[in-house]
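In what follows, chains carry the letters A, B, and so on, assigned in the order in which the sequence lines appear, proteins first and then strands, with residues in each chain numbered from 1. Just so you know, these numbers use all the heavy atoms, side chains as well, and skip hydrogens, waters and symmetry mates.
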Number of protein chains: 2
Amino acid sequence: METLRERKKQRTREALLRAALELFTTRGYERTTIDDVADAVGVSQRTFFRYFAGKEEAAFAVQDLVEERFVAAVRARPAGETPLEALRHALTEGWDRLSEDVEDVVPVELYLRMYRLIESTPVLLAAHLRRSADTEDRIARVLAEREGLDVDADPRPRIAVAAFGGVMRVTERQWSLGEDFSLAAIRALTTAYLDQVGPALTGNWRAL
Amino acid sequence: METLRERKKQRTREALLRAALELFTTRGYERTTIDDVADAVGVSQRTFFRYFAGKEEAAFAVQDLVEERFVAAVRARPAGETPLEALRHALTEGWDRLSEDVEDVVPVELYLRMYRLIESTPVLLAAHLRRSADTEDRIARVLAEREGLDVDADPRPRIAVAAFGGVMRVTERQWSLGEDFSLAAIRALTTAYLDQVGPALTGNWRAL
DNA sequence: TTGTCAATTGTCAGCGGCTGTCACTAGCCT
DNA sequence: AGGCTAGTGACAGCCGCTGACAATTGACAA
């Protein structure tokens with residue numbers, strides 16, 4: 001049983017987040033003022049900053065949730081899988097559950113629009129890449145633990161995750177530049193690109 | 001023969017860059033004000049912004065130069081090398097020439113200090129990662145051209161570069177966290193980590 | 001050398017992100 | 001009902017950054 005106060009706070013935060021993403025994706029990130037967001041909700045600018053550390057944090061609120069799920073999914077993979085199998089399966093499984101997880105917070109369609117905006121807004125892309133780096137670090141730790149290794153002594157977990165992450169970046173980018181902005185599209189790209197890692201790294205591309 | 005005006009401009013820009021990097025690396029990036037930099041050189045804040053598009057651009061001025069050289073080095077690699085050989089050789093060759101290239105602008109030691117600051121300052125790391133993404137895109141185009149492929153049709157150039165770039169990121173990170181901040185140290189790390197890509201991606205780490 | 005023109009700079013005003021402060025309001029709890 | 005405190009709004013102010021305009025300084029020709 002939650003108190004009225006808490007429910008009110010929850011609603012304010014949700015309203016701010018929704019208004020922010022809606023304005024960002026329609027008007028553009030830079031062209032949206034915190035005052036715009038606050039006004040849309042009927043709250044002072046100062047209040048926005050009591051719920052979000054900054055403009056950026058609002059933009060990534062949903063993305064944070066998704067990445068959290070991904071880390072958990074990797075951790076939950078059966079020990080029998082090799083590190084790369086675990087990553088790959090956690091990823092595809094993630095796409096399948098994404099709708100349900102996200103829909104509690106905002107419409108999935110809004111999330112996907114925001115995702116594309118991140119990709120096309122330099123300052124947001126920069127923030128995204130840094131956050132991804134943090135996530136990759138956490139995943140490297142998970143993999144190391146699965147394999148009983150010390151992340152700081154053995155570079156292989158980080159290297160594997162970094163290579164994997166690099167491929168994911170290319171996937172995101174291609175997806176955001178394409179025409180099909182569905183979950184199915186990004187899932188298809190993911191598997192296709194992961195299948196290309198071997199060929200891309202070994203040898204001579206002209207041979208094929 | 002360059003005009004006095006041009007020489008003056010050149011000196012102002014150089015002074016601003018030096019003052020900025022010096023202040024950034026001693027006082028910290030966020031704790032350094034543009035006014036601090038401008039005052040240190042004896043010009044107005046407005047003038048700083050006439051030489052640099054923003055605080056960030058000053059922080060990355062030298063790094064830009066280094067990455068430019070790297071792209072050129074990849075382009076100059078003999079056609080016989082496989083894509084990954086070309087990347088690797090361009091990289092190690094880059095470390096060798098770095099001192100000479102950088103020293104024209106600022107002391108190498110200052111550049112290395114700045115490089116570490118970038119790693120440890122979130123907002124700078126974010127900017128660095130985004131710039132790296134741009135550079136990787138350009139390199140993917142170079143590789144595709146070398147192999148006679150269409151970057152937008154064949155994902156392998158981008159995937160290979162992304163994986164390679166991921167490993168470089170891990171290298172940079174480890175170097176900046178270590179104790180030996182010499183060029184020799186980062187060169188050694190680079191080759192060691194690149195040798196680990198194969199083992200890290202194939203199979204089972206416990207077997208070794 | 002001097003006067004004219006153009007490039008460079010300083011000053012000022014202002015916007016937007018963000019923070020500290022403080023008084024006020026509204027929910028909580030006895 | 002009344003005291004307590006979490007949450008809010010209003011205000012002031014810092015910093016990054018930009019536009020506008022006037023003042024200055026070098027370039028170049030007469």
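A cation-pi arrangement is absent between A:Arg113 and A:Phe181, since the terminal nitrogen or guanidinium carbon is not both under 6.0 Å from the aromatic centre and inside a 45° cone about the axis.
Side-chain contact check for B:Val170 versus A:Pro155: every heavy-atom pair is 4.5 Å or farther apart.
The CZ atom of B:Phe49 sits 17 Å away from the P atom of C:dC15 (whole-angstrom rounding). For A:Arg11 and D:dG7, the CZ to C1' distance is 14 Å, given to the nearest whole Å. For the pair B:Phe48 CZ and D:dG16 C1', the computed distance is 10 Å after rounding to whole Å. When the C1' atom of D:dG7 is taken as reference, atom CZ of A:Arg7 falls 16 Å away, rounded to whole Å. In this structure, A:Glu30 atom CD and D:dC17 atom C1' are separated by 12 Å, rounded to whole Å. If you measure from atom CG of B:Asp36 to atom P of D:dC17, you get 14 Å, rounded to the nearest angstrom. Between the CZ atom of A:Arg31 and the P atom of D:dT18 there is a distance of 16 Å, rounded to whole Å. Whole-Å rounding puts the A:Lys55 NZ to D:dC17 C1' distance at 14 Å.
If you check the side chains of A:Glu172 and A:Tyr115, you find a donor sitting under 3.5 Å from an acceptor. A donor-acceptor contact under 3.5 angstrom links the side chains of B:Gln63 and B:Glu67, judged on distance only. Between the side chains of B:His128 and B:Glu119, not a single donor N or O lies within less than 3.5 Å of an accepting N or O.
More than 12 non-hydrogen atoms from other residues, nucleotides or ligands lie less than 6.0 angstrom from CD of B:Glu103. Atom CD of B:Glu145 has 12 or fewer heavy atoms from other residues, nucleotides or ligands within 6.0 Å.
Looking at residues 115-122 of chain B, you'll see that no heavy atom sits under 4.0 Å from any atom of DNA chain C.
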Side chain to side chain donor-acceptor pair (under 3.5 Å) between A:Ser44 and A:Thr47, intermediate numbers included: CA-CA 5 Å; A:Ser44 75; A:Thr47 293; 3.2 Å; yes

Sugar-phosphate or base contact per nucleotide [nucleotides 1-14 of chain C; S, B, -; heavy atom under 4.0 Å]: -----BBSBBB---

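Counting all heavy atoms, side chain and backbone alike, B:Tyr29 lies closest to B:Ala59 at CE1-CB, 4.1 Å.
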